[in-house]
Amino acid sequence: LYLAVEAVDDSFLMRVFGSCDGTLYKANRDSTMISSDTATFEVKSGDDVSKGQLKAMLSKISDVSALSESLDISSVLKYAAVNAVIANEDSYLGEKAQNFYFYNKNGSFSMIPWDFNLAFGKDTSQRKDTYTIKSALAESDISTPYFGVEANERPLVSNLLENDEYYREYIGYVTTLAEFFEKLPEDISSVKQLIENHVKNDTEAFYTYELFENEFDEKAENSMMGFVKKRTESIKTQLSAQ
């Protein structure tokens, strides 16, 4: 088995945005955007070396109408919805406030997601054979999609969700993802059939084959499928109360 990862680089930018001549910024840890300080952002490519354009965009976060002039709002709402549904603490919505990029093309910023290996309630303090899932995250609130932090500590998302129009758009993305989650066990089962023999014979596996098998048990407390089933039921209940 091999891990295939598409880097956020020129080829990615060309595929998604049709050009790679804008400025790409990587958000490192503590990129909370509580202020317009850009110290935690790294310019990966482009000519905004001073990060002046990024700072100008961040200065508008408290004014949603002004922010929409320089930020692709939908890209942020999609980012929030995905991380909320899969309960990814290791994101802008979590304590570390990291794992995303901004791409500035002709003065319009888009938010790009990155690094989902700790999704589905993965306990970020555990590694390898001590792998565990925080099952309580399956019940996390989609209307306040923050993990270990308060809404005002993540203003880029919280200010948008306070706007009725943008909140409805966000809930629309959550609804689509919930429908996808309902079909996920069947899709994952087909993947299991494709790879299980390779997993069983992998001499350098991080986990035992027994742990791999456990992931597909929807009744298991510490399994991905168990988490997906519980998360799907929780989100459907929350959506029906909207």
Side-chain angles (χ1 to χ4, degrees), residues 27 29-36 40 57-58 60-68 71-102 109-125 132-182 184 224 226-242:
R29 186 168 181 171
D30 296 324
S31 295
T32 63
M33 292 177 275
I34 292 175
S35 71
S36 56
T40 59
M57 186 274 287
L58 296 181
K60 302 175 184 178
I61 282 181
S62 60
D63 184 348
V64 172
S65 59
L67 183 62
S68 64
L71 177 68
D72 177 359
I73 301 296
S74 293
S75 71
V76 179
L77 297 176
K78 289 175 182 178
Y79 176 91
V82 170
N83 283 284
V85 169
I86 64 178
N88 182 26
E89 292 183 296
D90 196 23
S91 66
Y92 174 67
L93 303 180
E95 293 180 348
K96 294 181 180 180
Q98 61 183 6
N99 288 333
F100 63 93
Y101 290 79
F102 279 126
F109 285 78
S110 296
M111 194 173 192
I112 301 172
W114 177 247
D115 199 346
F116 288 97
N117 70 310
L118 298 179
F120 299 104
K122 170 73 171 69
D123 189 335
T124 57
S125 67
T132 56
I133 285 175
K134 294 181 180 179
S135 59
L137 287 177
E139 304 288 350
S140 56
D141 189 352
I142 58 172
S143 64
T144 54
Y146 315 104
F147 304 100
V149 294
E150 298 298 322
N152 61 2
E153 297 177 85
R154 300 294 178 265
L156 179 64
V157 170
S158 61
N159 288 347
L160 293 178
L161 296 188
E162 288 176 1
N163 178 287
D164 289 342
E165 178 185 349
Y166 293 142
Y167 182 76
R168 287 194 300 272
E169 182 178 347
Y170 162 78
I171 289 296
Y173 297 136
V174 170
T175 302
T176 298
L177 290 164
E179 293 170 353
F180 171 76
F181 256 41
E182 288 190 279
L184 194 56
M224 188 174 77
F227 182 89
V228 167
K229 182 177 181 180
K230 189 175 180 181
R231 185 65 177 143
T232 302
E233 292 171 350
S234 174
I235 292 174
K236 288 176 66 177
T237 299
Q238 294 182 56
L239 288 174
S240 66
Q242 289 289 319

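Each residue takes its place number in the sequence, starting with 1.
- Judged as a ring-ring contact (aromatic ring centres under 6.0 Å, His included), and not counting sequence neighbours, Tyr173 has no contacts.
- At least one donor-acceptor pair under 3.5 Å links the side chain of Thr176 to the backbone N or O of Gly172.
- At distances below 3.5 Å, at least one donor-acceptor pair connects side-chain atoms of Tyr170 with backbone N or O atoms of Ile142.
- The aromatic rings of Phe227 and Phe120 lie perpendicular to each other, with more than 60° between the two planes, well past the 30° mark.
- A donor-acceptor pair is defined here as one N or O able to donate and one able to accept, closer than 3.5 Å; such a pair exists between the side chain of Asn163 and the backbone of Tyr166.
- Every residue meeting the ring-ring contact (aromatic ring centres under 6.0 Å, His included) condition with Tyr92, not counting sequence neighbours, appears here in chain and number order: Phe100.
- Using modelled atom types, one finds no donor on one side chain facing an acceptor on the other under 3.5 Å when comparing Glu233 with Thr237.
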I'd like to know whether Asp72 forms a side chain to side chain contact (heavy atoms under 4.5 Å, CB included) with Met111, so could you lay out the CA-CA distance, the side-chain angles of the two residues, the decisive distance to 0.1 Å, and finally the verdict. CA-CA 8 Å; Asp72 177 359; Met111 194 173 192; over 6 Å; no
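- Under the 3.5 Å distance criterion, with hydrogens and angles disregarded, no donor-acceptor pair is assigned to the side chains of Asp30 and Thr32.
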Apply side chain to side chain contact (heavy atoms under 4.5 Å, CB included) to residues Lys96 and Asp90 and explain how you reach the verdict. CA-CA 7 Å; Lys96 294 181 180 180; Asp90 196 23; 3.8 Å; yes
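- Among residues at least two apart or in separate chains, there is no side-chain hydrogen bond (donor to acceptor under 3.5 Å, both in side chains) pair with a member in residues 147-160.
- Heavy atoms only, all atoms of each residue included: Val149 and Gly94 are closest at CG1-O, 4.1 Å.
- Side-chain atoms of Gln238 come within 3.5 Å of backbone atoms of Ser140 as a donor-acceptor pair (strictly under, hydrogens ignored).
- Taking each heavy atom of Val174 and Ala81 in turn, the nearest pair found is CG2-CB, 3.9 Å.
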What do the steps show when you test Val82 against Asn88 for side chain to side chain contact (heavy atoms under 4.5 Å, CB included), and what is the final call? CA-CA 8 Å; Val82 170; Asn88 182 26; over 6 Å; no
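- Closest of all the heavy-atom pairs between Phe116 and Asn83 is CE2-OD1, 3.3 Å.
- At a cut-off of 3.5 Å, with distance as the only test, a side-chain donor of Glu169 or Ser74 sits close to an acceptor on the other residue.
- The shortest heavy-atom contact between Thr40 and Ser31 is OG1-OG, 2.8 Å.
- Residues Val157 and Tyr79 have side chains not in contact (no heavy-atom distance under 4.5 Å, counting atoms from C-beta outward).
- Contact detail for Lys60 and Leu67: the closest heavy-atom pair is O-CB, 3.6 Å.
- What you find for Ile235 and Ala178 is that their closest heavy atoms are CG2-CB, 3.8 Å.
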